[in-house]
Peer 1: 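The following block contains the structure, expressed as structure tokens.
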2 protein chains.
Amino acid sequence: MSLHLRPGQALKLWHDSVLDLVHLDESGLTVRQLSILLTVYLELPPHTVRGVAQKLKVTKPVITRALDSLGRLELVARRRDPADKRNVLIQRTVKGALFVEKLGDFMVSRAQTLPS
Amino acid sequence: MSLHLRPGQALKLWHDSVLDLVHLDESGLTVRQLSILLTVYLELPPHTVRGVAQKLKVTKPVITRALDSLGRLELVARRRDPADKRNVLIQRTVKGALFVEKLGDFMVSRAQTLPS
DNA sequence: CTCGATTGTTACGCAACCGATATAGTGCAG
DNA sequence: CTGCACTATATCGGTTGCGTAACAATCGAG
């Protein structure tokens, strides 16, 4: 089952959800950082700097710096890969999980108030 | 008709769309700037600095600076309100309209590929 | 006309981000 | 063991964003 959405509905949904996010004020976030966060919490582990960089099509330093920021906010954590110590595994945190969950709730809630 | 969406679906939809936006690389954008952009293009004019600031619950300088950036990108334009010259009216541009339209298309397209 | 209120902008000091490059640590083939 | 490939991070100069506070322009009541 594919979800049918008209452009106007889609944009309003995005707008409303982003507005909720801004109000949450945990929102010094960049679009890139948000993208990294969602990738880590929605896609299957393990996540490495290189892997995420490829997915977003940005350079590795961009990811490193974003992880610094997200780490400061305790939304993700870093751990060396014991198997290959060159790798850094990006891990989820309780705070990050709650944050992403809240984002999902916002969007679900906003979707219900969309005009037909 | 309200749109039914499960949290998992909603988050994946957000993730996929944001990823498209990042790839678009017009993506030095802040979440706040994106929020302003969508507000200007989805809500009924006129839009003033003060009005948008209230809606996002941020201070006016934040809006002024965001408009500087968005203006540099030609995604919005500014015009003095002839009726009350203290006001600045935030106006849409061709480039901005195309950009927002693309965002909507991304999201619609992504919605169709969501798992049930 | 005048003065207080309102609008948007600018100035300042600080922190964060960017791209590009250089570097340190690790793995692995030979 | 040696050298090369690969991972992530650190460093550099420059740009941009932030919050707070001061500011100029404009309106409108009295």
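Order of the sequence lines sets the chain letters (A, B, ...), proteins ahead of strands, with each chain counted from 1.
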Peer 1: Can you pull the salt bridge (charged side-chain N to carboxylate O under 4.0 Å, His left out) pairs that have at least one residue in residues 44-59 of chain B, sequence neighbours excluded?
Peer 2: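 Only B/E43-B/K55 qualify under salt bridge (charged side-chain N to carboxylate O under 4.0 Å, His left out).
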Peer 1: Would you mind reading off the distance between A/D84 atom CG and D/dA5 atom C1', rounded to a whole angstrom?
Peer 2: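 One finds 12 Å between C1' of D/dA5 and CG of A/D84, rounded.
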Peer 1: Does the side chain of B/T59 get closer than 4.0 angstrom to OP1 or OP2 of D/dT20 through an N or O atom?
Peer 2: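 Indeed not, no polar side-chain atom of B/T59 lies that close.
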Peer 1: In whole Å, I'd like the distance from the CG atom of A/L56 to the C1' atom of C/dC18.
Peer 2: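 It works out to 15 Å between those atoms.
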Peer 1: Between protein and nucleotides 8-15 of chain C, map the contacts as a letter string: B base, S sugar-phosphate only, - none, heavy atoms under 4.0 Å, written 5' to 3'.
Peer 2: BBBB----
Peer 1: Can you tell me if B/T93 uses its side chain to pair, donor with acceptor, with the backbone of B/L75 under 3.5 Å?
Peer 2: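 Yes; at least one donor-acceptor contact below 3.5 Å.
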Peer 1: Would you mind listing the cluster partners of A/V94? Hydrophobic ones only (ILVMFWY), side-chain contacts under 4.5 Å, chaining allowed.
Peer 2: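 Besides A/V94, the hydrophobic cluster comprises A/L98, listed by chain and residue number.
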Peer 1: Given atom CG of A/L73 and atom P of C/dA16, what is their separation to the nearest angstrom?
Peer 2: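 Nearest whole value for this atom pair: 10 Å.
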Peer 1: Quick one: which residue pairs count as a salt bridge (charged side-chain N to carboxylate O under 4.0 Å, His left out) with a foot in residues 67-77 of chain B, not counting sequence neighbours?
Peer 2: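 Output for this query lists B/D68-B/R78.
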Peer 1: Using heavy atoms to find the nearest nucleotide of DNA chain C for A/P82 and A/V58 separately, return the residue whose nucleotide is more 5′.
Peer 2: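 Looking at the nearest nucleotide for each, A/V58 comes out on the 5' side.
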Peer 1: Determine which pairs satisfy salt bridge (charged side-chain N to carboxylate O under 4.0 Å, His left out) with at least one residue from residues 82-93 of chain A, sequence neighbours left out, and list them in order.
Peer 2: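 Qualifying pairs, neighbours excluded: A/D84-A/R86.
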Peer 1: Round to a whole Å and report the spacing from CG of A/L89 to P of D/dA8.
Peer 2: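 Computing the A/L89:CG to D/dA8:P distance gives 9 Å.
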Peer 1: Between A/Q33 and C/dC17, is there a contact of a side-chain N or O with OP1 or OP2 at under 4.0 Å?
Peer 2: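 Checking C/dC17 against A/Q33, a side-chain N or O does come within under 4.0 Å of OP1 or OP2.
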Peer 1: At 4.0 Å (heavy atoms only), tell me whether A/A83 reaches a base, stays on the sugar-phosphate, or touches nothing.
Peer 2: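 The residue A/A83 makes sugar-phosphate contact but no base contact.
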Peer 1: Could you work out, with side chain to side chain contact (heavy atoms under 4.5 Å, CB included) as the rule, every residue matching B/F106, not counting sequence neighbours?
Peer 2: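 So B/F106 forms a side chain to side chain contact (heavy atoms under 4.5 Å, CB included) with B/D20, B/L24, B/K102.
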